[in-house]
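If you read the sequence from its start, that first residue is 1, and numbering goes on from there. Read the numbers this way: they start at 1 and go in the same order the structure lists the ligands and their atoms. Below, all heavy atoms of this structure are taken into account, side chains as well, without hydrogens, waters or symmetry copies.
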Amino acid sequence: MKIKEIQDEILRLKKENDICILAHSYQAHEILEIADFTGDSYALSKQAASVANKTVIMCGVRFMAETVKMLSPEKKVILSCPEAGCPMAEQMDKEMIESVKKMYDGYTVVAYINTTAELKTICDVCVTSSSAVKIVKAIENPNILFIPDCNLGAYVAGQIPEKNIKLLQGGCPVHAAVTLTEAEKAKALHPDAKLLVHPECRPAVVELADYAGSTSGIMEYAKNSDKKEFIIGTENSIAEHLQYECPEKNFYPLSKQLICPNMKATTLVDVLKCVRGEGGEEILMSDETISQARKCIDKMIELGG
Ligand code: 13P
Ligand code: SF4
């Protein structure tokens, strides 16, 4: 089957079977084309709360499908590629954070949304990269324990110096691998380009950037800018999507290594199998996990607007 034929079949079946397809912006172009909604983690979680269809297919990684399930527990939620996890989300478990919390009594525990549902059950509020600064600012408590990404946490701490923000050693292995030397080389190679990076990158890389923000933030900045060249410091799919959307501009990946194998694991055929009712993995969670974990997602939506 040709790509277009697979896409047409997916579109036909999802309509026939009352399915909504959500896709994170790191997904491949041909998947974004058949999705009902695409965006960064924050936009997807807001969308998940208002989906009307009885089945939702998440093209992204496991914690994103779990978020959809928590926000729409009555729906059938399917992760299109069951192997697609997020190494950062799996770095810290409930037992570990329970013991860390004992050392930080009275702190508000802020969890990056890239965490498991189980871990969320013992956290106070979630943030995404696009909402983190706004939400941490809105928390009354000056003492914050920020998990698991120390790079995003350091970025937030830099924006809100009045808060006492404690960090742990966790993060995204894909973004954290980019070095300052690579960023300096990219800037030297493209002196007229703006450097746009995700705050999951190391603080030294973020400091060198002209803009730091979520995947959607980076895309919006590049689209709205009157500049013509951009170095993109996030998963390389974003440079690719931008190049399609703005052919008159030039987008250079900050590093050829900025590829998330988990985000790249989903194929169009995986999605086809899901709409046929054959593939993917249905996300199942106990009512207790859903009600405990969703509290910090609800809090994020309440504080994030
Ligand atoms: P955002 O969608 O918040 O930009 O996060 C990027 C990411 O790494 C998702 O896994
Ligand atoms: Fe996880 Fe990083 Fe991949 Fe996002 S890019 S899914 S944070 S490993």
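Given atom 8 (O) of ligand 1, the protein heavy atom at minimum distance is Glu200 OE2, 3.1 Å. With respect to atom 3 (O) of ligand 1, the closest heavy atom belonging to the protein is Ser129 OG, 2.6 Å. From the protein, the heavy atom lying nearest to atom 5 (O) of ligand 1 is His198 NE2, 3.4 Å.
Using a 30° and 60° split on the angle between ring planes, Tyr252 and His190 fall in the parallel class, below 30°. Ring geometry for His198 versus His175: interplanar angle of 30 to 60°, hence tilted.
With a heavy-atom cut-off of 4.0 Å, Asn114 touches ligand 1 through its side chain alone. Contacts with ligand 1 closer than 4.0 Å are made by no heavy atom of Glu235, backbone or side chain. With a heavy-atom cut-off of 4.0 Å, Met219 does not touch ligand 1 at all.
Residue His24 approaches ligand 1 through these ligand atoms, each under 4.0 Å from one of its heavy atoms: 1 (P), 2 (O), 9 (C). Near Met263, meaning under 4.0 Å from one of its heavy atoms, ligand 1 places the atoms 10 (O). Taking every non-hydrogen atom of Ser214 and a distance limit under 4.0 Å, the qualifying atoms of ligand 1 come out as 4 (O). Within ligand 2, counting atoms from 1 as listed, the ones closer than 4.0 Å to a heavy atom of Asn114 are 7 (S). Proximity to Thr215 (heavy-atom distance under 4.0 Å) selects the following atoms of ligand 1: 1 (P), 2 (O), 4 (O). Close approach to Tyr112 involves these atoms of ligand 1, each under 4.0 Å from a residue heavy atom: 5 (O). Interface atoms of ligand 1 facing Met64, defined by a heavy-atom separation under 4.0 Å, are 9 (C), 10 (O).
Between Asp36 and Lys14 a salt bridge is recorded (basic side-chain N to carboxylate O distance below 4.0 Å). The residues Lys102 and Glu98 are annotated as not salt-bridged, no charged nitrogen and carboxylate oxygen being separated by less than 4.0 angstrom. Note on Glu245 versus Lys223: salt bridge recorded, some NZ/NE/NH1/NH2 to OD/OE distance being below 4.0 Å. For the pair Glu66 and Lys120, the salt-bridge criterion is not met [side-chain N within less than 4.0 Å of a carboxylate O]. Taking 4.0 Å as the cut-off between side-chain N and carboxylate O, Arg12 and Asp8 do not count as a salt-bridged pair. Between Lys185 and Glu182 no salt bridge is recorded (no basic side-chain N to carboxylate O distance below 4.0 Å).
Within the structure, the closest approach of Tyr26 to ligand 1 falls below 4.0 Å when heavy atoms are considered.
For Asn164 (side chain) and Ile144 (main-chain N/O), no donor-acceptor pair under 3.5 Å exists by modelled atom type.
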Evaluate the side-chain hydrogen bond (donor to acceptor under 3.5 Å, both in side chains) criterion for residues Ser255 and Gln257: first the C-alpha distance (whole Å), next the side-chain angles of each, then the deciding distance (0.1 Å), finally the verdict.
CA-CA 5 Å; Ser255 159; Gln257 312 303 321; 5.2 Å; no
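In terms of N/O distances under 3.5 Å, ligand 1 is approached by Ser41.
Only one option out of Asp40, Thr234, Asn262 pairs with Tyr26 in a side-chain hydrogen bond (donor to acceptor under 3.5 Å, both in side chains); it is Thr234.
Residue-and-atom listing of protein N/O/S atoms under 2.8 Å from atom 3 (Fe) of ligand 2, sorted by chain and number: Cys260 SG.
Enclosure of atom NZ in Lys163 by more than 12 non-hydrogen atoms of other residues, nucleotides or ligands within 6.0 angstrom is indicated.
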For residues 69-90, please give each side-chain donor-acceptor pair under 3.5 Å, one per line with the distance, not counting sequence neighbours.
from: Lys69; atom 1: NZ; to: Pro73; atom 2: O; distance (Å): 3.0
from: Lys69; atom 1: NZ; to: Lys75; atom 2: O; distance (Å): 2.8
from: Ser72; atom 1: OG; to: Ala48; atom 2: O; distance (Å): 2.7
from: Lys75; atom 1: NZ; to: Val51; atom 2: O; distance (Å): 3.3
from: Lys75; atom 1: NZ; to: Asn53; atom 2: O; distance (Å): 3.2
from: Ser80; atom 1: OG; to: Met58; atom 2: O; distance (Å): 3.1

